[in-house]
*Asks:* 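I'd like to ask some things about the structure below.
In listed order, ligands and their atoms are each counted from 1.
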Amino acid sequence: MGKDALNIVWLKRDLRLCDHKPLFEAEAAQLPYRIIYIFDSELINRQDCSLRHLQFIYHSISDLNEQLSPFNREVEIFYGKSVEVFKYLISNEPIGTIFSHEETGVQQSWERDKAVAKVFKDSKIKWFEYPTNGIIRGIKNRFEWDKHWADTMKSPLILNNYTQTSIILLEHPFKLPIELLEELKLYPKHFQPAGPKSAVRYLESFFDSRGESYHWAISKPEESRYHCSRLSPYIAWGNISIRQVYQLTKSNLNVQKHKRAFNAFITRLHWHCHFIQKFEVECSYETRCVNSGYEEIQWENNPEYLEAWKQGMTGYPLVDACMRAVNKTGWINFRMRAMLVSFLCHNLDIDWKLGVYHLAQQFLDYEPGIHFPQFQMQAGTTGVNTIRIYNPIKQSMDHDPNGTFIKKWVPELQKVSKEHIHEPWKMTLLEQQFNGIEIGKDYPKPLVDLKSSAKKGREKIWGQRKNTLVQEEKKRILKVHTRRN
Ligand SMILES: Cc1cc2nc3c(=O)[nH]c(=O)nc-3n(C[C@H](O)[C@H](O)[C@H](O)COP(=O)(O)OP(=O)(O)OC[C@H]3O[C@@H](n4cnc5c(N)ncnc54)[C@H](O)[C@@H]3O)c2cc1C
């Protein structure tokens, strides 16, 4: 490639400017470079993508652009098939090297990466990809993985510097469609604000005060909203790296005083990468049961039940409150996510594959490497994890005893007393009158009987587990299959 070649930094789920290897290498190369983001038209039409994800991305980029403006730099946005965008860029000006992070995505993003790799190869363009958060590509086994992760977390942060550029932004034919652009510009205020600046703000307030009660609040739907870190969307879209979070946690003085709370937090940072590492090796968990023996299960799949679950209209107050909260804000805590899946699969008798995309779309922190395996763990289809069937009434009594969270998200139950809030259908007609509600009219009757549906669900999933096919499959999944290499 000639002297006038220009390099490209291709941003994906790494929307930040610090601890960023591709941007560091682009600066080190001492050649002009563009920073690009592609809203890939094929990927954004997938069932796991939603407008709120795209809005979070768009507003993260706005944050980056504000920080880049003193250097006359800007992230250039493209909309279209990635392959076509790169073909255009290559035909438009001489490109030397592409820098990016490796992405542990779904099969389709892997296919996209292979397709662009071919375009680069055909055009003799180098593509340097760097590991994300200690995830290893092409790993043969995970024997040394924990040590590798710990070493990565302790290794020095990348100190990014930016030089001024005189490079002119491209006038290109891959503009965002105007209607989409208008939608992206909007950012509903009930979502966490996007971008690295907000990530740091959330992290600081977590250290300074919110995190001290983390371990106490983590299972409670209302209190967790304040006391959990709420870093998940920032980590998922790369506004902050896990190494940054890890090192800032370890060096914070307040953290030293509340070891129990913050150790639990650090453990979860490790889980984050551990799950993604497994998905890196086997991303078919998006579409098939981790243990293929469970593919044989016959689910009832009542479409009305599925719709009621999605809308938060099942007649079980905590289930409905959680679903409505997540539909509106994009976040609920771990235990409530698990309960929603357990209720879907074990009580409503619905295949996890029919519910998995609804929550993927609602979660502002959607991360395929965590979402699909976690969903399957709660559905009981991994074959190796303990099968947990969450009782929503018990969860409600234990973690929302006064019904504060329920009343916030299910206003129909606003006037119902603490005594009846967990099982409103048990009220007599007279009690319903006193409590300002008519069950079956103002709020649905429970879709299913909890006890008998849970018994059926348990028998179904355990019955399948005993199946010899499952046992054989269990042996098979213990062997590691490398996929992305
Ligand atoms: C069915 C289901 C689907 C889920 N889907 C996602 C998802 O798409 N994206 C996502 O980030 N998390 C997912 N989780 C895990 C977990 O619920 C969220 O990470 C957590 O609630 C985010 O809130 P937080 O940032 O306040 O977490 P904190 O408790 O403050 O934890 C800090 C970070 O650790 C990581 N983490 C926490 N819990 C877990 C866990 N159980 N497994 C892996 N990493 C974890 C997250 O990156 C999180 O931001 C899912 C859990 C379930 C049961």
*Asks:* What is the ring orientation for Trp409 with Phe405, classed by angle as parallel under 30°, tilted 30 to 60°, or perpendicular over 60°?
*Replies:*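 Tilted.
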*Asks:* Look at the aromatic rings of Tyr187 and His59 and report parallel, tilted or perpendicular, splitting at 30° and 60°.
*Replies:*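 Answer is tilted, since the angle falls between 30° and 60°.
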*Asks:* I'd like to check which ligand 1 atoms, numbered from 1 as shown, lie under 4.0 Å from a non-hydrogen atom of Phe265.
*Replies:*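 So the answer, numbered in order with elements, is 30 (O), 32 (C).
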*Asks:* If you measure from atom 33 (C) of ligand 1 to every heavy atom of Leu269, Ile332, Asp365, which option wins on shortest distance?
*Replies:*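 The residue whose heavy atom sits nearest atom 33 (C) of ligand 1 is Leu269.
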*Asks:* Is it the side chain (CB and beyond), the backbone, both or neither of Val341 that lies under 4.0 Å from ligand 1, heavy atoms counted?
*Replies:*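 The part of Val341 near ligand 1 is the side chain, not the backbone.
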*Asks:* Enumerate the atoms of ligand 1 whose separation from the nearest heavy atom of Tyr366 is less than 4.0 angstrom.
*Replies:*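 Once the distances to Tyr366 are compared, the set is 8 (O).
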*Asks:* What are the atoms of ligand 1, with element, lying closer than 4.0 Å to any heavy atom of Ile235?
*Replies:*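 So the answer, numbered in order with elements, is 47 (O), 49 (O).
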*Asks:* With under 30° as parallel and over 60° as perpendicular, where do the rings of Phe375 and Trp352 fit, or are they tilted in between?
*Replies:*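 Judged by the thresholds at 30° and 60°, the geometry between Phe375 and Trp352 is tilted.
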*Asks:* Of the side chain and backbone of Trp331, name the one, both, or neither that has a heavy atom under 4.0 Å from an atom of ligand 1.
*Replies:*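 It is the side chain that touches ligand 1; the backbone stays farther off.
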*Asks:* So, does Tyr214 sit close enough to ligand 1 that a heavy atom of it is under 4.0 Å from the ligand?
*Replies:*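 Yes, Tyr214 has heavy atoms under 4.0 Å from ligand 1.
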*Asks:* Between Phe275, Tyr246, Trp145, which is the residue that forms a ring-ring contact (aromatic ring centres under 6.0 Å, His included) with His270?
*Replies:*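 So the option named by the test is Trp145.
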*Asks:* As a test of understanding, state which of Asn65, Val9, Leu15 forms a side-chain contact (heavy atoms from CB on, under 4.5 Å) with Val75.
*Replies:*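 Per the side-chain contact (heavy atoms from CB on, under 4.5 Å) rule, the option paired with Val75 is Asn65, out of Asn65, Val9, Leu15.
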*Asks:* How far is atom 12 (N) of ligand 1 from its nearest protein heavy atom, and which residue and atom is that?
*Replies:*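 So the nearest neighbour among protein heavy atoms is Ile370 CG2, 3.7 Å.
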*Asks:* What atoms of ligand 1 come within less than 4.0 Å of a heavy atom belonging to His272?
*Replies:*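 Listed by number with element, the hits are 35 (C), 43 (C), 44 (N), 46 (C), 47 (O).
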*Asks:* Can you tell which part of Phe334 has a heavy atom less than 4.0 Å from ligand 1: side chain, backbone, both or neither?
*Replies:*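 The answer is both.
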*Asks:* For Trp271, is at least one N or O under 3.5 Å away from an N or O on ligand 1?
*Replies:*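 Among all N and O atoms of Trp271, none is under 3.5 Å from an N or O of ligand 1.
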*Asks:* Okay, side chain of Asp14, backbone of Gly238: is any donor-acceptor separation there less than 3.5 Å?
*Replies:*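 Between the backbone of Gly238 and the side chain of Asp14 there is no qualifying donor-acceptor contact (under 3.5 Å).
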*Asks:* Counting each atom of ligand 1 from 1 as listed, which ones have a heavy atom of Cys228 under 4.0 Å away?
*Replies:*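 The atoms of ligand 1 under 4.0 Å from a heavy atom of Cys228 are 26 (O).
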*Asks:* Would you tell me which option among Arg337, His371, Glu367 has the nearest heavy-atom contact to atom 17 (O) of ligand 1?
*Replies:*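 Checking each option, the heavy atom nearest atom 17 (O) of ligand 1 is found in Arg337.
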*Asks:* Is there a polar contact, in the sense of an N or O pair closer than 3.5 Å, between Phe375 and ligand 1?
*Replies:*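 In this structure, Phe375 places no N or O atom under 3.5 Å from an N or O of ligand 1.
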*Asks:* Do Leu43 and Asp48 touch side chain to side chain, with heavy atoms closer than 4.5 Å?
*Replies:*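 Not touching, per the 4.5 Å side-chain cut-off.
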*Asks:* Given His53, which of Phe191, Tyr366, Phe39, Phe363 fulfils the ring-ring contact (aromatic ring centres under 6.0 Å, His included) condition?
*Replies:*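 When ring-ring contact (aromatic ring centres under 6.0 Å, His included) is applied between His53 and each of Phe191, Tyr366, Phe39, Phe363, only Tyr366 qualifies.
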*Asks:* Within a distance under 4.0 Å of any heavy atom of Leu231, pick out the atoms of ligand 1 and give their elements.
*Replies:*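 What qualifies from ligand 1 is 25 (O), 49 (O).
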*Asks:* Is there a heavy atom in Ala236 that sits closer than 4.0 Å to ligand 1?
*Replies:*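 For ligand 1, residue contact (heavy atoms, under 4.0 Å) with Ala236 is absent.
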*Asks:* Does the Lys NZ or Arg CZ of Arg268 fall within the cation-pi geometry relative to Tyr214 - under 6.0 Å from the ring centre and within 45° of the axis?
*Replies:*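 No, cation not above the ring by the 6.0 Å, 45° rule.
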*Asks:* Relative to the ring of Phe56, is the ring of Tyr234 parallel (under 30°), tilted (30 to 60°) or perpendicular (over 60°)?
*Replies:*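 If you compare the ring of Tyr234 with that of Phe56, the planes turn out tilted.
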*Asks:* Which of the numbered atoms in ligand 1 are under 4.0 angstrom from any heavy atom belonging to Phe275?
*Replies:*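 Checking each atom against Phe275, I get 42 (N), 43 (C).
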